[in-house]
Amino acid sequence: MGSACAVPCVALDAAQTFDSESKRESDKEKKNANKSKAGEEATTSFASPAGERGRETEDGLCRLKIGIVGFGTFGQFLAKRFVSQGHAVLATSRSDKYLPVAEELGVEYFSNVDDFCEEHPEVVVLCTSILSTERVVQKFPFLRLKRNTLLVDVLSVKEFPKKLLLREVPEEFDILCTHPMFGPDSGKGSWEGLPMMFDKVRMDSENKKNEERCHNFLKIFEHEGCRMIPMSCEEHDRQAASTQFITHTVGRMLGDMALESTQINTKGYESLLTLIENTCNDSFELYYGLFMYNQNATETLEAMERSFDRTKKRLFDQLHEVLREQIFGEGQPAHIREQQQSAGRKLNK
Ligand code: NAP
């Protein structure tokens, strides 16, 4: 991994015209007398917890100011790791209920999205549910952010947010579509070797600072040992339908059967129980999103159904053969016996 920030710590862009700068500052001063003053806010530098300025984390990574939109399970999961690397993290969601957990994680929390934007995070990570993202993006006050902000999404489907963001996000913003292919269960401890898919959907490649910022954001995952996978959003959805969606569907089906641990669990059965835990702990909304917003998912579901029917048929056909044998014995007409043998050969292929 490369070291630190190749780009010096300067403002990436001027903030867009906005009239409540002074109000925000006075609110902030009330909240924390030690916080930065208004003039200092004009740059993308931010104070470290100790009140010092600097762009490097203890691990030599470039310190970023990251804003998380949607502070649910996954937003919190990412925030925790970002904070642990020394990045400044702020978050917004719909209610105040996240204040205690944000405080515990060292995240500055805003239930008001305008206040969140006025903090000018240099990277904004969309962690909202797949189903709500369109609505959230359509009413998001992008104009209150800096004109040059990196917008990242982490949705578990990719073609949909790519199209949505290209359509709705102001042209000056860079767009990075990602899918960290793990969650609070599978990535509970280390992220070593876990896949992190990304697609630089819109990047001002003329602007070296933009490239660096994107690079520094991806470095967060690289630093944790993730397997970095550059891939188009379209290819992601094609592959995810036959991997991730199948995994979640099987997990959901087995979860529905309320399987229990026994004294004679085999390794295979243990892995099924783990699968249930890894998939059913996610919200049903997430699973529904995998189906609804990936056009390849319907075909996968149908293929699974066909395969289940074929497997079941094979079992029952064999059973019928045994039964007939018992009923008729050697007395079955030759052509029936032949048909059965040929059906058995086909099924065994
Ligand atoms: P989720 O149920 O998919 O999303 C929960 C988040 O969506 C919460 O922050 C919630 O906001 C927000 N939300 C839901 N409805 C909303 C609405 N109408 N308006 C505004 N916000 C709304 O659960 P999640 O596990 O936290 O996943 C978040 C995102 O990460 C999803 O897009 C998912 O695909 C992606 N992801 C998840 C995992 C995982 O393992 N869980 C892994 C990779 C990617 P409130 O907090 O305000 O209710």
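Please read these numbers as outputs of a predicted model, since none were measured by experiment. Read the numbers this way: they start at 1 and go in the same order the structure lists the ligands and their atoms.
- For the side-chain contact (heavy atoms from CB on, under 4.5 Å) test, residues two or more places apart in sequence or in another chain that qualify with Thr57 are Asp59, Leu61, Arg63, His87.
- A salt bridge does not link Arg238 to Glu234: none of the charged nitrogens lies less than 4.0 Å from a carboxylate oxygen.
- Residues lining ligand 1 at a heavy-atom distance below 4.0 Å are given as Gly70, Phe71, Gly72, Thr73, Phe74, Ser93, Arg94, Tyr98, Cys127, Thr128, Ser129, Ile130, Ser132, Arg135, Val136, Val154, Leu155, Ser156, His179, Pro180, Phe182, Gly183, Pro184, Asp282, Ser283, Leu286, ordered by chain and residue number.
- Side-chain atoms of Thr300 and Ser242 include no donor-acceptor pair closer than 3.5 Å.
- Here Glu122 does not pair with Lys209 in a salt bridge; the nearest charged N to carboxylate O distance is not below 4.0 Å.
- Using a 4.0 Å cut-off between charged nitrogen and carboxylate oxygen, Glu118 and Arg144 count as a salt-bridge pair.
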Asn294 and Gln244: CA distance, side-chain angles, deciding distance, side chain to side chain contact (heavy atoms under 4.5 Å, CB included) verdict: CA-CA 11 Å; Asn294 184 346; Gln244 182 193 28; over 6 Å; no
